[in-house]
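Here is how names work: the chains are called A, B, and so on, in the same order as the sequence lines, proteins then strands, and each is numbered from 1. Values reported hereafter were calculated over all heavy atoms of this structure, with side chains retained and with hydrogens, waters and symmetry mates removed.
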Amino acid sequence: SQQGEEDPQALSIQEGENATMNCSYKTSINNLQWYRQNSGRGLVHLILIRSNEREKHSGRLRVTLDTSKKSSSLLITASRAADTASYFCATDAEGYSTLTFGKGTMLLVSP
Amino acid sequence: DAGITQSPRYKITETGRQVTLMCHQTWSHSYMFWYRQDLGHGLRLIYYSAAADITDKGEVPDGYVVSRSKTENFPLTLESATRSQTSVYFCASRELDGQLFFGSGTQLSVL
């Protein structure tokens with residue numbers, strides 16, 4: 001399976017702390033994407049990092065990609081209660097036109 | 001408004017009935033997808049389409065039928081609903097190598 005695997009499955013932190021989520025995958029990729037899902041809602045795209053990129057920033061988000069280890073991490077700095085959601089990585093594998101999602105990390109940020 | 005629309009938002013049906021979930025996008029994206037989301041399984045791809053009249057199976061296609069006569073529409077039909085098809089269904093669209101845009105989802109209960 002090409003499926004990405006997020007780690008940890010659940011993460012509980014206080015407001016103001018940083019949250020780090022990891023994603024591992026198995027095949028060569030064109031890009032890797034991170035999505036956020038609030039309870040009961042559709043997924044929202046956060047950031048896309050291409051296979052030739054090592055790091056990307058968007059606001060309080062920082063994504064890294066290590067293709068030699070087939071892994072990525074998502075860092076949310078200075079977390080807020082509104083960041084409480086599930087976060088998914090999705091791999092866009094070479095030779096495929098579909099994205100494969102992991103099972104997600106549930107992030108709880110307490111005030 | 002530009003976007004991707006799913007209907008209905010909620011559906012309750014009985015085993016053996018045929019159910020069609022609708023999906024409409026306004027971007028003219030080439031690719032459209034149907035995913036189901038279940039606890040413990042994350043998002044799993046049911047079917048996808050690369051263009052009008054071109055469809056292909058995903059990870060869990062059994063019991064589902066799709067069609068794509070127009071670029072903007074991608075309905076998903078459960079030919080004879082079973083309890084195991086109780087799930088939240090998400091439609092999404094994108095261009096190749098780009099991000100996915102998701103609908104709000106259809107929560108389906110099969111009794």
Side-chain angles (χ1 to χ4, degrees), chain A residues 1-10 21 23-53 56 58 61 63 65 74 85-106, chain B residues 3-10 21 23-25 27 29-51 54-61 66 68 74 87-109:
Chain A
S1 169
Q2 312 154 45
Q3 189 176 41
E5 300 273 345
E6 291 94 342
D7 172 62
Q9 290 186 330
M21 288 159 262
C23 173
S24 61
Y25 58 92
K26 296 179 180 177
T27 64
S28 296
I29 59 171
N30 293 318
N31 65 68
L32 185 144
Q33 304 180 25
W34 286 90
Y35 289 81
R36 165 190 166 133
Q37 183 181 33
N38 289 88
S39 180
R41 302 287 193 93
L43 281 76
V44 174
H45 179 261
L46 293 176
I47 199 163
L48 181 156
I49 186 165
R50 302 201 179 277
S51 60
N52 61 353
E53 298 175 309
K56 206 161 181 181
S58 177
L61 305 180
V63 168
L65 179 65
L74 171 67
S86 290
Y87 293 82
F88 295 86
C89 71
T91 51
D92 196 348
E94 283 184 0
Y96 291 84
S97 54
T98 61
L99 283 177
T100 304
F101 285 81
K103 295 181 182 179
T105 293
M106 290 181 60
Chain B
I4 185 162
T5 306
Q6 289 185 238
S7 62
R9 185 75 176 90
Y10 303 94
L21 310 183
C23 179
H24 175 80
Q25 55 121 343
W27 291 293
H29 286 158
S30 299
Y31 288 86
M32 296 189 74
F33 306 84
W34 276 106
Y35 289 90
R36 60 177 289 175
Q37 186 175 31
D38 305 285
L39 274 174
H41 291 282
L43 276 86
R44 292 181 291 174
L45 181 65
I46 305 171
Y47 268 97
Y48 67 101
S49 168
I54 300 175
T55 62
D56 209 345
K57 296 178 181 180
E59 183 184 352
V60 289
V66 292
R68 195 165 176 209
F74 191 40
S87 186
V88 181
Y89 292 85
F90 288 102
C91 179
S93 71
R94 72 166 186 159
E95 288 301 333
L96 191 61
D97 294 341
Q99 68 179 75
L100 274 172
F101 293 86
F102 281 86
S104 298
T106 294
Q107 195 166 312
L108 176 67
S109 295

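Residues that satisfy the ring-ring contact (aromatic ring centres under 6.0 Å, His included) test with B:Tyr47, not counting sequence neighbours, are absent from this structure. Remark: A:Arg36 pairs with A:Asp83 by the salt bridge (charged side-chain N to carboxylate O under 4.0 Å, His left out) rule, at least two apart or across chains. B:Asp56 is linked by a salt bridge (charged side-chain N to carboxylate O under 4.0 Å, His left out) to nothing, counting only residues two or more places apart in sequence or in another chain.
Side chains of A:Thr100 and B:Leu45 form no contact here, defined as non-hydrogen atoms less than 4.5 Å apart. Residues B:Glu59 and A:Thr98 form no side-chain contact, since every pair of their non-hydrogen atoms from C-beta on lies 4.5 Å or further apart. Using a 4.5 Å cut-off on side-chain heavy atoms (C-beta onward), A:Tyr35 and B:Gln99 make contact. A heavy-atom distance below 4.5 Å is found between the side chains of B:Tyr35 and A:Leu99.
By a heavy-atom distance cut of under 4.5 Å, A:Leu43, A:His45, A:Leu48, A:Arg50 are the residues of residues 43-53 of chain A near chain B, going up by number.
Contact detail for A:Ser97 and B:Tyr31: the closest heavy-atom pair is CB-CE2, 3.4 Å. Of all non-hydrogen atoms in A:Gly42 and B:Phe90, the two that sit nearest each other are CA-CE2, 3.4 Å.
With a 4.5 Å cut-off on non-hydrogen atoms, B:Gln6 does not touch chain A at all. With a threshold of 4.5 angstrom between heavy atoms, B:Leu96 approaches chain A through side-chain atoms but not through N, CA, C or O.
In this structure, CD on A:Gln33 lies 9.0 Å from CG on B:Asp97, to the nearest 0.5 angstrom.
Heavy-atom neighbours of A:Gln9 CD from other residues, nucleotides or ligands within 6.0 Å: at or below the threshold of 12.
At distances below 3.5 Å, not a single donor-acceptor pair connects side-chain atoms of A:Asn31 with backbone N or O atoms of B:Gly98.
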